[in-house]
Asker: 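Got a structure for you, questions after.
Below, chains carry the letters A, B, ... as their sequence lines are ordered, and counting in each starts from 1. No hydrogens, no waters, no symmetry mates; every other heavy atom, side chains included, goes into these values.
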Amino acid sequence: MWQQVEQSLHSSMGLVMNKIATLLPGILAFIAAFLFFLLIGWLVALLVRRILTAMHFDERMRGGASAIAEWSPRATPSLLVGRVVFWCFVFAGVVVGVSALGTSEHIVSGWMLGYVPRLVGAAILLLAGNVLARFVARSVLITGVNLNLSYARLLSMGVRWMILVLTGAMVLDHLALGGAIVELGFGILFGGIVFALALAVGLGSRDLVSRSLEREASRPVEVAQPEKIHHF
Amino acid sequence: MAAVEITEETKQQAERVGPADVVVGIAGAVSADELRARAQQILSELGSGASSLRFVFAWPGAAPEAAAGAAQPAESPALTLIPFSPPAQGTGEIWADVSASQRAVLALAASLNARACIVLGSDLAALRTHLIQLFTYAVLDRQCGLVMPVYPFAKYDGLINSGILSPLSRALYGKRVHYPLAFDFAASGALCAGLARTSPAAANSLLWPVTVAATQFPQLPVGQVHLDVHHQVAAEGLELSAVLGQLAGSLFQEMDQCASHWQRIRGSQATPAWGNAADGQPEVQPIDPQPMLDSFLLGSKNLEEVWRLLLPPNALLELRRLTKLPSDQFRMPDDLWACIVYDFALAYRLRTINRVHLLGAFTPLYLGWVASYVREVSNLSSAAAEQRLEQFARAWEEKKPYLLSRWRWPDRFNP
């Protein structure tokens, strides 16, 4: 009996070692590809930064109303371009590594590999949606305050959530989760909000709107008073 | 550094005209006929005093107009008119376009080897004999490198200048100039080429005459002349936040570019002034500061999350304390306002948040200062208000070490 147990242990150990041995080249290929692209990315980013510095790229970007200069927080535009180049290489390294892992046809199934691009795409969508929501919400808030709108914060929050809901729906759609339910749910939610707003203005504020229009129509033409204060 | 290019046509006309003593350039569109009439009147009024000086008048003329009246020896042998083409800006921002034309005038004066260049606003309000005499006297007789104007503003006029531009420029560059953002000024021949030359990064700068004179030509004295002139700025359709953003943004950018210069400057020097100061400004009626105070309070209620990213905790505490004061006791301390502007300049440099957002979030704070200033000077005479502004500017100088410390070590906590 002990011989059978020993034989069975040997065979299972052999099987596991065999599996590890067949998987190892894939993992090694992944690590090698990743490290190789990391190194190349670092070198290319360094080269790009040097070239841009020699071309006085930062000064040129700051000279005009450049979009790149505006979108590079806490960093110079050349640093931003260098970072973008570096991360492009890192991303390429991950893709090549995952492909090398996939060719070993073990453990990591084809389905999982096929899903990785969707996950990456969804992550980028989520990130971009969040950044956009924050940026637009802050723009609306500041503009609203400068226009002396007492409901500026409400407006800003509304815009923020609209963009976030839209982003959420896009992410779920990209991940192919929920199928038609997401589309239907989003359509109902968005349509509902617009319909509710239309009803609120059309029915709830009917008297307010009519009073406001009457007041405007009956207001005498005002002669503009010269301003007593001059800022410039 | 690149010089402002003048067109080939202008260069040829300048060569034809030959060297000039004084170039009077108009920085904006103007009728050639009106300019010629005014120039002839000035030359005849100057009489024998101007006989030794050769005047050239320049204006941004279009081709057909130029052909009609330009560079032709006019009735008087001393009068010469030259049209020039200002560099295309097309920004639609009033000061940026004026600034580009001013640089073109200076470039033309440099090509004519002029001993003095007088740049005037396009409304021709300052094209008057005694003002030309004043500018010429300050540059040629008193050897000033740069001569800036002192306008007879009332106490509620030019508040962006009084509240930000003038005290900040004075604290940074050490020159007590009343109006660093001016439509009219004069420069000596030695300074003309330097002012016309600019790096691409400084092309958007608006306060460049004072900045360039103070940083690149510190040996040339700066003077001022009193002008009894009121320029009409087309304020209709201009939003305060947009204008403030443009001016403050330009100033902050300039601070970043000239940091190595202004960090070495301590204190300030008085600038001599010539001409007669307009005595007895008409007293204006007190203004109700409540609308500006309301804007500040609305800002502090909604924008605190943005201000928190830009201002240190003690400034936020002070602002919060101000919001709780009864409106009749509202007063923003001078040093608090100076520190707020310095902190915004630092945040602009560090790109702590998007720069458009940063400049937008600045407007309610500025209106808070305006409300405080208006309340404070409402019962003061114009002269007393002027004294108050002098005291205010000194507070900015006293707070300069705070700016230096934060600029050099931005992450250090500043109690």
Side-chain angles (χ1 to χ4, degrees), chain A residues 52-53 55-80 83 130-160 223-232, chain B residues 91 94-95 153-154 156-161 163 165 181 199-204 233 235-236 238-244 247 253 256-257 284-289 291-292 294-295 298-303 305-306 350-361 363-364 366-367 370 374:
Chain A
L52 292 179
T53 308
M55 287 167 60
H56 301 288
F57 184 67
D58 293 345
E59 285 82 1
R60 284 170 205 271
M61 287 293 111
R62 279 178 194 147
S66 162
I68 297 181
E70 282 307 313
W71 283 87
S72 47
R74 287 176 181 273
T76 59
S78 63
L79 199 63
L80 184 77
R83 279 182 187 169
N130 263 301
V131 170
L132 187 71
R134 217 171 129 178
F135 183 85
V136 175
R138 194 178 274 170
S139 297
V140 170
L141 179 66
I142 291 171
T143 309
V145 167
N146 286 336
L147 290 172
N148 282 328
L149 302 179
S150 54
Y151 49 89
R153 177 169 290 279
L154 196 69
L155 207 63
S156 155
M157 271 174 60
V159 168
R160 184 181 192 145
V223 180
Q225 296 293 318
E227 279 196 49
K228 289 179 181 173
I229 197 162
H230 297 103
H231 296 282
F232 40 90
Chain B
T91 57
I94 174 171
W95 283 282
F153 276 179
Y156 299 135
D157 288 347
L159 290 180
I160 293 181
N161 178 73
L165 305 182
L181 180 68
S199 65
N204 288 345
V233 180
E236 272 182 37
L238 294 178
E239 266 189 40
L240 172 64
S241 57
V243 174
L244 187 63
L247 295 176
Q253 196 169 337
D256 195 9
Q257 282 154 4
V284 286
Q285 292 293 314
I287 293 174
D288 178 18
M292 288 156 275
D294 289 342
S295 297
L298 184 68
S300 64
K301 196 171 129 196
N302 291 290
L303 294 181
E305 65 186 51
V306 181
L350 296 175
R351 296 174 184 273
T352 310
I353 61 170
N354 179 280
R355 286 179 170 179
V356 177
H357 290 167
L358 179 139
L359 295 170
T363 309
Y366 164 73
L367 288 172
V370 173
V374 164

Asker: What part of L165(B) lies closer than 4.5 angstrom to a heavy atom of chain A: side chain, backbone, both or neither?
Answerer: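 For L165(B), neither part sits under 4.5 Å from chain A.
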Asker: Highest number of heavy-atom pairs under 4.5 Å with chain A: which of S241(B), P291(B), G299(B)?
Answerer: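 Option with the greatest count: S241(B).
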Asker: Counting heavy-atom pairs under 4.5 Å to chain B, which of S139(A), S156(A), A152(A), G144(A) comes out on top?
Answerer: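 Looking at each of S139(A), S156(A), A152(A), G144(A) in turn, S139(A) comes out on top.
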Asker: For V145(A) and P364(B), which heavy atoms make the closest approach, and how far apart are they?
Answerer: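 Closest heavy-atom pair between V145(A) and P364(B): CG1-CG, 3.9 Å.
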Asker: Can you tell me how far apart CG (L149(A)) and CG (L298(B)) are? Round to the nearest 0.5 Å.
Answerer: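 Answer for the CG-CG pair, L149(A) versus L298(B), is 8.0 Å.
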Asker: Which residue is it: L303(B), N302(B), V356(B), T363(B)? I am looking for the one with a side-chain contact (heavy atoms from CB on, under 4.5 Å) to I142(A).
Answerer: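 With I142(A) as partner, L303(B), N302(B), V356(B), T363(B) yield a single side-chain contact (heavy atoms from CB on, under 4.5 Å), made by L303(B).
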Asker: List for me each residue that meets salt bridge (charged side-chain N to carboxylate O under 4.0 Å, His left out) alongside R153(A), sequence neighbours excluded, and say none if there are none.
Answerer: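 For R153(A), the residues satisfying salt bridge (charged side-chain N to carboxylate O under 4.0 Å, His left out) (neighbours in sequence not counted) are E305(B).
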Asker: What pairs of residues pass the salt bridge (Lys or Arg N to Asp or Glu O under 4.0 Å) test when at least one of them lies in residues 140-149 of chain A, not counting sequence neighbours?
Answerer: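 Applying salt bridge (Lys or Arg N to Asp or Glu O under 4.0 Å) to every pair that reaches into residues 140-149 of chain A, excluding sequence neighbours, yields nothing.
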Asker: Heavy-atom count around L154(A) CG within 6.0 Å, excluding the residue itself: above 12?
Answerer: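 Counting other residues, nucleotides and ligands, CG of L154(A) stays at 12 neighbours or fewer.
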Asker: Between N146(A) and chain B, which part of the residue has a heavy atom less than 4.5 Å away: side chain, backbone, both or neither?
Answerer: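 Side chain of N146(A) only, per the 4.5 Å heavy-atom cut-off to chain B.
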Asker: Taking the side chain as everything from C-beta on, heavy atoms only, tell me whether R138(A) gets closer than 4.5 Å to N354(B).
Answerer: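 No; the side chains remain at least 4.5 Å from each other.
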Asker: With respect to chain A, which residue among V306(B), N161(B), V243(B) yields the maximal number of heavy-atom pairs within a distance under 4.5 Å?
Answerer: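 Sorted descending by pairs with chain A, the first entry is V243(B).
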Asker: Is chain A contacted by the side chain of I287(B), its backbone, both, or neither, given a heavy-atom distance below 4.5 Å?
Answerer: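 Side chain of I287(B) only, per the 4.5 Å heavy-atom cut-off to chain A.
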